[in-house]
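Below: one structure, written as structure tokens.
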Amino acid sequence: MLKFILRRFGSSFLVLLGASLLLYVLTINSGDPLKDLRESNADNREYLMDQRVAFMGLDEPWYVRYWEWLTGVGQCVIGQCDLGTNRSGQQVIDLLGLAASSTLRLVVLATVIAMVFGILIGILTAIRQYSGLDYAVTFLTFLFFSLPVFWAAVLLKEYLAIGFNDWLVNPDPGFSWPTIVVVGLVLGLALQAVLAGNARRRLFTFLGAFAFTCAVLPYMDWLNFARYPQLGPVVITLVGVSAAVGATVLGAGLKNRRVLYAGLVTAGLGLVAYYATYNLLWDPNWLIILILAVVAIGVAVLVGRLMGGYSKGAATVVTLFTAVIMGGLIIVEHLFRAWPSYLDAVGRPIATIGSQTPNFTGTFWEDFLDKGTQLLLPTILLALISLASYSRYTRASMLEVSQQDYIRTARAKGLNERQVILKHAFRNSLIPITTIMAFDFASLIGGAVITEQVFGWQGMGNLFRVGLEQVDPAPVMAFFLVTGTAAVLFNLLADILYAVLDPRIRV
């Protein structure tokens with residue numbers, strides 16, 4: 001494996017070197033970097049031209065400038081990267097740091113959301129092949145995949161930002177009964193399609209979801225939940241227990257009491273943590289959040305290993321999942337607590353432009369909300385587009401694997417359907433999906449150009465676009481350095497994961 005990794009690094013280096021040379025030549029020959037100054041009537045035009053020539057090194061041959069850039073990149077090995085300056089004299093390494101942090105914040109979240117939900121939807125549609133749910137999901141995924149990014153972004157701005165803000169600006173925002181009925185019907189139809197079963201079970205599922213919606217939404221209106229949201233210990237406990245039971249059902253089955261009890265104990269410890277950390281999390285910092293997360297993971301692993309018995313592996317997975325859910329709920333509770341003061345500060349919370357509110361100052365949670373709401377629309381857009389790919393590839397891979405002999409053998413041995421799907425079919429179907437994961441992350445970094453333009457994000461896409469428009473190779477090459485390296489590294493990671501997922505693969 002070490003020899004394989006070294007060979008891949010060597011070949012990848014040559015690929016990146018050749019691609020960088022080609023991109024540099026194409027960029028510098030795409031226009032005149034002094035065009036705007038040549039057409040200027042400013043008195044100091046000659047001075048400005050001389051200054052730009054000095055910043056961009058235009059008085060040197062192109063191959064000398066490329067070699068200087070390559071030398072600066074090589075200094076990254078010793079932690080002294082020098083990516084040159086743009087045509088205004090700004091250090092590109094500083095611009096790259098700001099742009100990369102902005103884009104990665106967007107891309108990582110969108111990729112994780114698309115990956116989790118896309119794989120779950122793919123598994124579900126593969127199990128329910130040619131059902132009404134399968135046809136509906138297929139239609140929606142192809143619709144999302146085909147949406148023009150700029151058009152979908154405008155729709156999100158109109159309905160999820162402007163429309164929501166207009167609704168929320170009311171002193172007592174609430175749902176009308178026609179809206180409640182429509183939401184109940186949609187939720188009921190979706191839930192009965194997912195849970196399936198005979199006609200009687202589908203009818204009870206539909207009626208239960210409809211009645212639940214008609215009861216909960218008016219109750220939320222009575223609480224003025226839109227402006228003063230809250231969870232409370234009761235809701236946190238119920239969701240945590242449900243997460244523990246659900247994870248046990250999927251991971252080991254309810255008959256395995258050790259695993260179930262481990263998950264329930266973790267949910268109970270999460271409730272204790274809710275009270276124990278309340279004052280500590282009133283206005284924390286990221287270091288405190290990180291320390292608490294590490295402690296929560298450690299406690300969850302310890303509970304799983306001590307209480308799991310012969311199923312300690314499955315118990316550890318269940319306790320970790322429950323701990324993550326409980327930790328997330330505690331964070332959501334503190335965000336809810338900060339929501340009213342954040343609304344008073346910004347007025348219209350769902351932004352359509354930028355990655356954060358200019359000159360906004362507030363508590364840790366208010367700042368978290370500000371960056372989170374700015375992240376909401378572009379994340380939804382990128383996740384919807386990527387979700388289609390993950391769901392379709394997962395479905396196709398699951399259907400192919402389900403026809404294999406070892407799946408038939410697993411059923412013949414008496415394994416229940418949960419074990420057949422999760423432990424045999426799903427793991428083997430992950431091999432082609434791993435390739436999609438690797439390339440999707442790198443492509444999203446480069447493919448967020450339009451999204452960042454529409455939403456006004458100063459990220460990698462904007463850095464690349466401005467560099468091309470100004471015929472400035474330094475920002476363009478910085479963009480290539482990040483996206484090209486990401487593509488190579490994630491492709492290598494995918495190859496390594498093949499051997500982890502399937503021991504039959506040897507390189």
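Just so it is clear, the model here is predicted, and its values are computed rather than measured.
If you look at F175 and F225, their ring centroids are not closer than 6.0 Å.
Taking 4.5 Å as the limit, some side-chain heavy atom of D344 sits within range of a side-chain heavy atom of R227. You'll find the side chain of Y390 reaches within 4.5 Å of the side chain of T111, heavy atoms only. Within the 4.5 Å cutoff, the side chain of T125 has no heavy atoms near those of the T138 side chain. Counting only heavy atoms from C-beta outward, the side chains of L375 and L106 approach each other to under 4.5 Å. By the 4.5 Å heavy-atom criterion applied to side chains, R52 and M49 are not counted as neighbours. Using a 4.5 Å cut-off on side-chain heavy atoms (C-beta onward), F360 and Y342 make contact. For the pair L98 and Q458, the minimum side-chain heavy-atom distance is 4.5 Å or more. By the 4.5 Å heavy-atom criterion applied to side chains, R65 and I28 are counted as neighbours.
Rounded to the nearest 0.5 angstrom, F336 CZ and Y228 OH are separated by 15.0 Å. With rounding to the nearest 0.5 Å, the separation of CD in E60 from CG in L58 is 9.5 Å. Taken to the nearest 0.5 Å, the OG1 atom of T352 stands 8.5 Å off from the CD atom of Q374. Rounding to the nearest 0.5 Å gives a distance of 10.0 Å between CZ of R105 and CG of L109. Residue L156 holds its CG atom at 6.0 Å from CG of L381, rounded to the nearest 0.5 Å. The distance from the OG1 atom of T85 to the CE atom of M56 is 8.5 Å, given to the nearest 0.5 Å.
The minimum heavy-atom distance linking M460 with V482 is given by the pair CE-CB, 3.6 Å. Of all heavy-atom pairs spanning L377 and A351, the tightest one is CD1-O, 3.7 Å. Here the closest non-hydrogen pair linking T213 and I180 is CG2-O, 3.9 Å. Heavy-atom minimum distance, L343 versus A226: CD1-O, 4.4 Å. Of all heavy-atom pairs spanning P349 and L168, the tightest one is CG-CD2, 3.6 Å. Residues R337 and W365 approach most closely at NH2-CD1, 3.4 Å, considering heavy atoms.
With hydrogens and angles ignored, the 3.5 Å screen pairs a side-chain donor or acceptor of S341 with a backbone N or O of A338. Formation of a donor-acceptor pair under 3.5 Å by the D472 side chain with backbone atoms of R87 is found in this model. Side-chain atoms of T103 never come within 3.5 Å of backbone atoms of G459 as a donor-acceptor pair (strictly under, hydrogens ignored). Panel note: side chain S397, backbone S429; a donor-acceptor pair is recorded below 3.5 Å. At least one donor-acceptor pair under 3.5 Å links the side chain of N86 to the backbone N or O of Q90. In this structure a side-chain-to-backbone donor-acceptor pair under 3.5 Å is present from W167 to G174. Judged purely by atom type and a 3.5 angstrom limit, N165 uses its side chain to pair as donor or acceptor with the backbone of I350. Side-chain atoms of R395 do not come within 3.5 Å of backbone N or O of D134 as any donor-acceptor pair. When atom types are taken as modelled, the side chain of Q129 and the backbone of A126 share no donor-acceptor pair closer than 3.5 angstrom. With S146 contributing its side chain and F142 its backbone, the two residues share a donor-acceptor pair below 3.5 Å.
Pairs passing the side-chain hydrogen bond (donor to acceptor under 3.5 Å, both in side chains) check and including a residue from residues 15-33, sequence neighbours excluded, read S20-Y66, D32-R38.
Within a 6.0 Å sphere centred on CD of Q75, heavy atoms belonging to other residues, nucleotides or ligands number more than 12.
Screening V239, I236, L231 against V332 for a side-chain contact (heavy atoms from CB on, under 4.5 Å) leaves a single residue, L231.
Aromatic ring orientation, W286 versus F364: perpendicular (interplanar angle above 60°, classes split at 30° and 60°).
Remark: L250 pairs with L422 by the side chain to side chain contact (heavy atoms under 4.5 Å, CB included) rule, at least two apart or across chains.
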